[in-house]
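A quick write-up on the structure given underneath.
Computed from a predicted structure; not experimentally measured.
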Amino acid sequence: LGIRPEALLDWITSKAKRRTLTETHIAGMSQAGSGEEDRELALLRQLDRPAWLMVREGRGPWRHAVMSRLDDDTAWFETAQGPRPLPLRDLAPVWRGDFATLWRTPEGYRAKVLPGQQGPVVSWIAQQLARVDQGPPPGDSPRLDDTWLTRLQAFQVAQGLKPDGVAGATTLMLLNRASGVSEPRL
């Protein structure tokens with residue numbers, strides 16, 4: 001593919017400078033195997049953010065490729081010569097579905113947020129949910145209780161996620177997107 005392995009770091013740095021990203025996180029989503037590529041491509045579309053894919057031509061070594069844009073039938077990759085289009089039909093044979101992505105994490109986020117938790121990340125989740133669903137705002141130090149779990153699960157259903165009431169990386173990335181958090185987009 002002619003894609004430079006260091007392109008992701010270059011791309012992240014340029015986006016971070018332009019958008020003043022201060023809190024970022026690389027979320028790994030490893031899903032190897034037959035048929036996973038379509039599901040992972042659908043997830044990349046839904047997350048709407050640049051990704052670092054693992055690709056391999058033929059029996060060659062696995063390499064990193066930075067996907068910076070995704071159209072209906074074309075993925076765009078960052079190369080030393082600039083963005084390069086690759087038809088999606090040509091992506092399938094070289095990609096098994098593994099990717100990592102850059103996103104802005106809420107203050108205090110370290111792991112999945114579970115029912116009953118409280119703290120800065122729960123406050124952030126409650127504020128973003130109130131912005132998205134236009135419901136009542138959170139009070140001081142909200143807990144991820146039945147009220148907020150119901151709202152979180154409704155958000156998860158609306159996004160096509162499993163409504164488990166657990167705020168993991170995918171739920172938080174989609175909450176960022178829905179609430180207008182400034183991040184790089186595809």
- Message: Minimum heavy-atom separation for V122 and L144, please, with both atom names.
- Response: CG1-N, 3.8 Å

- Message: Give me the atom names and distance for the closest heavy-atom approach of A126 to P142.
- Response: CB-CG, 4.1 Å

- Item | Spacing of CG belonging to L161 relative to CD belonging to Q46, to within rounding of 0.5 Å | 5.5 Å

- Item | Spacing of T101 atom OG1 and D48 atom CG [to the nearest 0.5 Å] | 9.5 Å

- Interatomic distance, CG@L86 vs OG1@T74, rounded to 0.5 Å, equals 8.0 Å

- Message: Strictly distance-based, threshold 3.5 Å: is any side-chain N or O of S68 a donor or acceptor partner for the main-chain N or O of P50?
- Response: no

- Query: Tell me, which pairs form a salt bridge (Lys or Arg N to Asp or Glu O under 4.0 Å) where one or both residues lie in residues 116-125, sequence neighbours left out?
  - Reply: none

- Item | S123: partners by side-chain hydrogen bond (donor to acceptor under 3.5 Å, both in side chains), with sequence neighbours left out | none

- Mind checking whether V181 and L172 sit in one hydrophobic cluster, side chains of I, L, V, M, F, W, Y counted as touching below 4.5 Å? yes

- Task: Kindly give the heavy-atom pair with the smallest separation between W95 and L41, and that separation in Å.
- Result: CH2-N, 3.9 Å

- Task: Kindly write out the residues that satisfy side-chain hydrogen bond (donor to acceptor under 3.5 Å, both in side chains) with W148, not counting sequence neighbours, or none if the list is empty.
- Result: none

- Query: Going hydrophobic residue to hydrophobic residue with side-chain gaps under 4.5 angstrom, can you get from L186 over to L175?
  - Reply: yes

- Message: Applying salt bridge (Lys or Arg N to Asp or Glu O under 4.0 Å) as the test, list every pair that has at least one member in residues 122-135; sequence neighbours left out.
- Response: D133-R151

- Message: Side chains of W76 and D71 only: does a donor on one sit below 3.5 Å from an acceptor on the other?
- Response: yes

- Start with the C-alpha gap between Q118 and S141, add the side-chain angles, then the distance that decides, and say whether side-chain hydrogen bond (donor to acceptor under 3.5 Å, both in side chains) holds. CA-CA 7 Å; Q118 70 182 118; S141 301; 4.7 Å; no

- Identify the heavy atoms of L44 and A51 that sit nearest to each other, and give their distance. CD2-CB, 3.4 Å

- Message: Against E183, only a single residue in R104, R49, R177 fulfils salt bridge (charged side-chain N to carboxylate O under 4.0 Å, His left out); can you say which?
- Response: R49

- Item | From W124 atom CH2 to T105 atom OG1, the distance as rounded to the nearest 0.5 Å | 9.0 Å

- Verify same cluster id: M173, V166 (apolar side-chain graph, 4.5 Å): no

- With the threshold set at 4.0 Å, does a side-chain nitrogen-carboxylate oxygen contact exist between R96 and D98? yes

- Item | Counterpart residues, side chain to side chain contact (heavy atoms under 4.5 Å, CB included), relative to A75 (two or more places apart) | M67, L70, F77, L88, L91

- Item | salt bridge (Lys or Arg N to Asp or Glu O under 4.0 Å): pairs with one or both residues in residues 153-169, sequence neighbours excluded | none

- Within a strict 4.5 Å, meaning less than it, do heavy atoms of the P137 and Q127 side chains meet? no

- Query: Where the side chain of Q117 meets the backbone of L114, is there a donor-acceptor pair that is under 3.5 Å apart?
  - Reply: yes

- Query: Hey, does the side chain of Q156 reach the backbone of G165 with a donor-acceptor pair shorter than 3.5 angstrom?
  - Reply: yes

- Message: Using every non-hydrogen atom in the two residues, find where Y109 and V121 come nearest and quote the distance to one decimal.
- Response: CB-CG2, 4.1 Å

- Separation between CG of L174 and OG of S179, rounded to the nearest 0.5 Å: 10.5 Å

- Message: Can a donor-acceptor pair be found, under 3.5 Å and without considering hydrogens, that links the side chain of R45 to the backbone of D72?
- Response: yes

- Task: Please check if L43 and M54 belong to a single hydrophobic cluster, counting links between Ile, Leu, Val, Met, Phe, Trp and Tyr side chain heavy atoms closer than 4.5 Å.
- Result: no

- Query: Which class fits the ring pair W52 and H64: parallel under 30°, tilted 30 to 60°, perpendicular over 60°?
  - Reply: tilted

